[in-house]
Protein chains: 2
Amino acid sequence: MTGIVQTKRLLSYRMALLRLKKMGLKKAYSHTLSEETGVSAVLIRKDFSQCGIRGKRRGGYDVDYLLDELKKLFGREKEQNVVLVGLGNIGSALIKYEGYRQSNMNLVAAFDIDPAKRTRRYSVPVYSLENLREVADAFDVSVAILAVPEFSAQETAHYMVENGIRGILNFAPVLLKLPGHVLVNNINIMVEMERLMYHIGIREK
Amino acid sequence: MTGIVQTKRLLSYRMALLRLKKMGLKKAYSHTLSEETGVSAVLIRKDFSQCGIRGKRRGGYDVDYLLDELKKLFGREKEQNVVLVGLGNIGSALIKYEGYRQSNMNLVAAFDIDPAKRTRRYSVPVYSLENLREVADAFDVSVAILAVPEFSAQETAHYMVENGIRGILNFAPVLLKLPGHVLVNNINIMVEMERLMYHIGIREK
DNA sequence: TAATAAATGTGAAATTTGTAACAATAAAAT
DNA sequence: ATTTTATTGTTACAAATTTCACATTTATTA
């Protein structure tokens, strides 16, 4: 069977469309989106087609319609509450980030082991991880961002899962070993940096 | 033709191996690495095989040998100098990050448009972007991290390329339109978060 | 209104990626 | 020394992904 559409691509279309809409465009063509996302125009059409999203021949796609359809696919009706665990370098960046809303998410709390970090400096409260269960229950949180140091990532993740977390965006450079029902999405910034350098090196030759 | 090995995977093997080595292991089996990286053992063996890396049947792979071979593939002999452009949330996290060395990189300077950010607070100097050429020449920098806001990303990237940058790790959620010789690697944290939520949603059903 | 041009939509082909099965080998056990 | 077991290495296969070619439709122009 062909064609399990990659969510990453659809999400990148959505992002591009939001940009285009902000610029006032009403119509989008597959080749427009191709320029914006780097995905080939045919593939974009095929993705849409497979998701039941139709355009008009020669007329392109209606931007609002596309965004609506993508929202049907991705838009959780309810805004999702998320928490952040670890206020090191990356964690401190993410607690200050203000774009969660745009993705229909809401950061409701952060956690850190260091009491000194548990100040009111930020726009959300910072607790000890012991309070995770409480917060998760109160705000119906099942997804968390994990931004603790490598050495404590596994243990922390385990604790999080024990207290209601079912999805983790993991910035620690380790494969978390967790029960099968837990979903993990890894972001490894240094690996991405090395990839870039590697490919630059190749080009030189 | 089959089998262009994904650099991402090889880099994840390398990371796992560094961890295992730190734990004192001398030998690694494909299934060990599989547990550490989440990649299937067969594929790991195939990847190694395709890169000319050989183990001993029933004896597994020698950790130091593996790391050496991976270093031959990825290790730039010279340490590579990199710069950071933009000291917002993410940029501030990355200027404080201390793991560049481990990947044989060296952050030599950062740049921000806001003079208030150009303090000596950090372990590397912060300049106006006008000084990029100068720094790039002096330190032979061709790779940069771009962590400016979305609206200025394209313009900034363009300027960077005009001043010697050939590789960009881009945190802004836009596809940069740059000359063909420039390599860009995108990291879009919110897309990754949405992917996670989407897949969690699917599971619920 | 006819002709032309510019878009979508899609089945088939090509490519890429991953898995399965199993041969080959070396270590360990008997 | 022989047998068993665990591991690599490889070939053939399967699945997934992407591109190609082109039919189809719709807008525009002459």
Side-chain angles (χ1 to χ4, degrees), chain A residues 1-14 16-17 20 25-70 73 175 186 191 195 198-199 202, chain B residues 1-13 16-17 20 25-70 73 175 191 195 198-199 202:
Chain A
M1 183 107 355
T2 194
I4 288 148
V5 174
Q6 285 194 15
T7 65
K8 207 166 183 172
R9 278 206 308 266
L10 289 175
L11 286 166
S12 78
Y13 305 156
R14 180 160 159 281
L17 285 163
L20 293 174
L25 270 77
K26 303 276 180 222
K27 290 270 175 84
Y29 304 106
S30 57
H31 67 84
T32 325
L33 282 171
S34 178
E35 270 176 29
E36 292 295 314
T37 61
V39 179
S40 79
V42 208
L43 189 48
I44 291 177
R45 293 202 298 276
K46 199 156 211 179
D47 281 348
F48 284 158
S49 173
Q50 266 163 13
C51 296
I53 298 175
R54 318 307 301 254
K56 270 189 193 161
R57 297 191 182 208
R58 168 124 198 193
Y61 300 89
D62 183 85
V63 171
D64 284 327
Y65 165 71
L66 279 183
L67 283 169
D68 274 2
E69 291 297 311
L70 289 172
L73 286 173
L175 185 80
N186 297 293
V191 162
R195 281 218 298 160
Y198 174 68
H199 286 107
I202 283 190
Chain B
M1 188 102 359
T2 195
I4 288 146
V5 173
Q6 286 194 12
T7 65
K8 209 166 182 169
R9 280 207 306 271
L10 289 175
L11 287 166
S12 79
Y13 304 157
L17 285 163
L20 293 174
L25 270 77
K26 304 276 178 222
K27 289 270 175 85
Y29 303 106
S30 56
H31 68 84
T32 324
L33 282 171
S34 178
E35 270 175 31
E36 293 295 314
T37 61
V39 179
S40 79
V42 207
L43 188 48
I44 291 177
R45 294 202 297 275
K46 196 165 200 175
D47 282 347
F48 285 158
S49 174
Q50 265 163 13
C51 296
I53 297 175
R54 318 309 300 255
K56 269 190 198 162
R57 298 194 182 207
R58 169 121 198 194
Y61 300 88
D62 183 85
V63 170
D64 284 326
Y65 164 73
L66 279 182
L67 283 169
D68 274 2
E69 290 296 311
L70 290 172
L73 286 173
L175 186 80
V191 162
R195 281 217 300 160
Y198 174 68
H199 286 108
I202 282 189

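Per chain, numbering begins at 1; letters A, B, ... match sequence-line order. Excluded from the calculations below are hydrogen atoms, water molecules and symmetry mates; all remaining heavy atoms, backbone and side chain alike, are included. Computed from a predicted structure; not experimentally measured.
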(Q) Give me the atom names and distance for the closest heavy-atom approach of A/L66 to A/Y61. (A) CD1-CB, 3.5 Å
(Q) Under 4.0 Å, counting only non-hydrogen atoms across every strand here, what does B/G55 touch: a base, just sugar-phosphate, or nothing? (A) sugar-phosphate
Expressed in angstrom and rounded to an integer, what is the separation of [X] atom [atom1] from [N] atom [atom2]?
X	N	atom1	atom2	value
A/K27	D/dT28	NZ	C1'	13 Å
B/D47	C/dG18	CG	P	8 Å
A/K46	C/dT15	NZ	C1'	13 Å
A/Y29	D/dT25	OH	C1'	14 Å
A/L33	C/dA7	CG	C1'	13 Å
A/R57	D/dT25	CZ	P	6 Å
B/L10	C/dT17	CG	P	13 Å
A/F48	C/dA7	CZ	P	16 Å

Could you grab the distance from atom [atom1] of [X] to atom [atom2] of [Y], nearest 0.5 Å is fine?
X	Y	atom1	atom2	value
B/L10	B/L17	CG	CG	10.5 Å
A/R14	A/T7	CZ	OG1	12.0 Å
A/N186	A/L175	CG	CG	6.5 Å
A/Y198	B/L11	OH	CG	9.0 Å

**Q.** ring-ring contact (aromatic ring centres under 6.0 Å, His included) involving A/Y13 - partner list, sequence neighbours excluded
**A.** A/F48
Q) Under the salt bridge (charged side-chain N to carboxylate O under 4.0 Å, His left out) test, which residues partner B/K8, sequence neighbours left out? A) A/E192
Q. Can you name the salt bridge (charged side-chain N to carboxylate O under 4.0 Å, His left out) partners of B/E69, sequence neighbours left out?
A. B/K72
Q. Does A/S30 have any side-chain hydrogen bond (donor to acceptor under 3.5 Å, both in side chains) partners at least two apart in sequence or in another chain, and if so, which?
A. A/R45
**Q.** Contact list for residues 31-44 of chain A, test side chain to side chain donor-acceptor pair (under 3.5 Å), sequence neighbours left out
**A.** A/R19-A/E36, A/E36-B/K177
Q: State which of C/dG18, C/dG9, D/dG9 makes the closest approach to the side chain of B/S49.
A: D/dG9
Q: Report the nucleotide, chosen from D/dT11, D/dT7, D/dG9, that has the shortest atom-to-atom distance to any side-chain atom of B/H31.
A: D/dT7
Collect all protein-nucleotide pairs involving nucleotides 2-5 of chain C in which both atoms are nitrogen or oxygen and the distance is under 3.5 Å.
| unit_1 | atom_1 | unit_2 | atom_2 | d |
| --- | --- | --- | --- | --- |
| C/dA5 | N3 | A/R58 | NH1 | 2.6 |

Q) Does A/R54 have a side-chain nitrogen or oxygen under 4.0 Å from the phosphate oxygens OP1 or OP2 of C/dG9? A) yes
Q) OP1 or OP2 of D/dT8 sitting under 4.0 Å from any side-chain N/O of B/R45? A) yes
Q. Are A/L33 and A/V39 close enough, and set up right, to give a side chain to side chain contact (heavy atoms under 4.5 Å, CB included), and what steps lead you there?
A. CA-CA 8 Å; A/L33 282 171; A/V39 179; over 6 Å; no
Q) If you find the nucleotide of DNA chain D closest to A/K56 and the one closest to A/R9, which residue's nucleotide is nearer the 5' end? A) A/R9
Q. Using a heavy-atom distance cut-off of less than 4.0 Å, which residues of residues 34-44 of chain A contact DNA chain C?
A. A/V42
Q) What pairs meet the salt bridge (Lys or Arg N to Asp or Glu O under 4.0 Å) rule with one or both residues in residues 48-66 of chain A, with sequence neighbours excluded? A) A/K21-A/D64
Q) When you measure from every atom of DNA chain D, which of residues 60-69 of chain A have a heavy atom less than 4.0 Å away? A) none
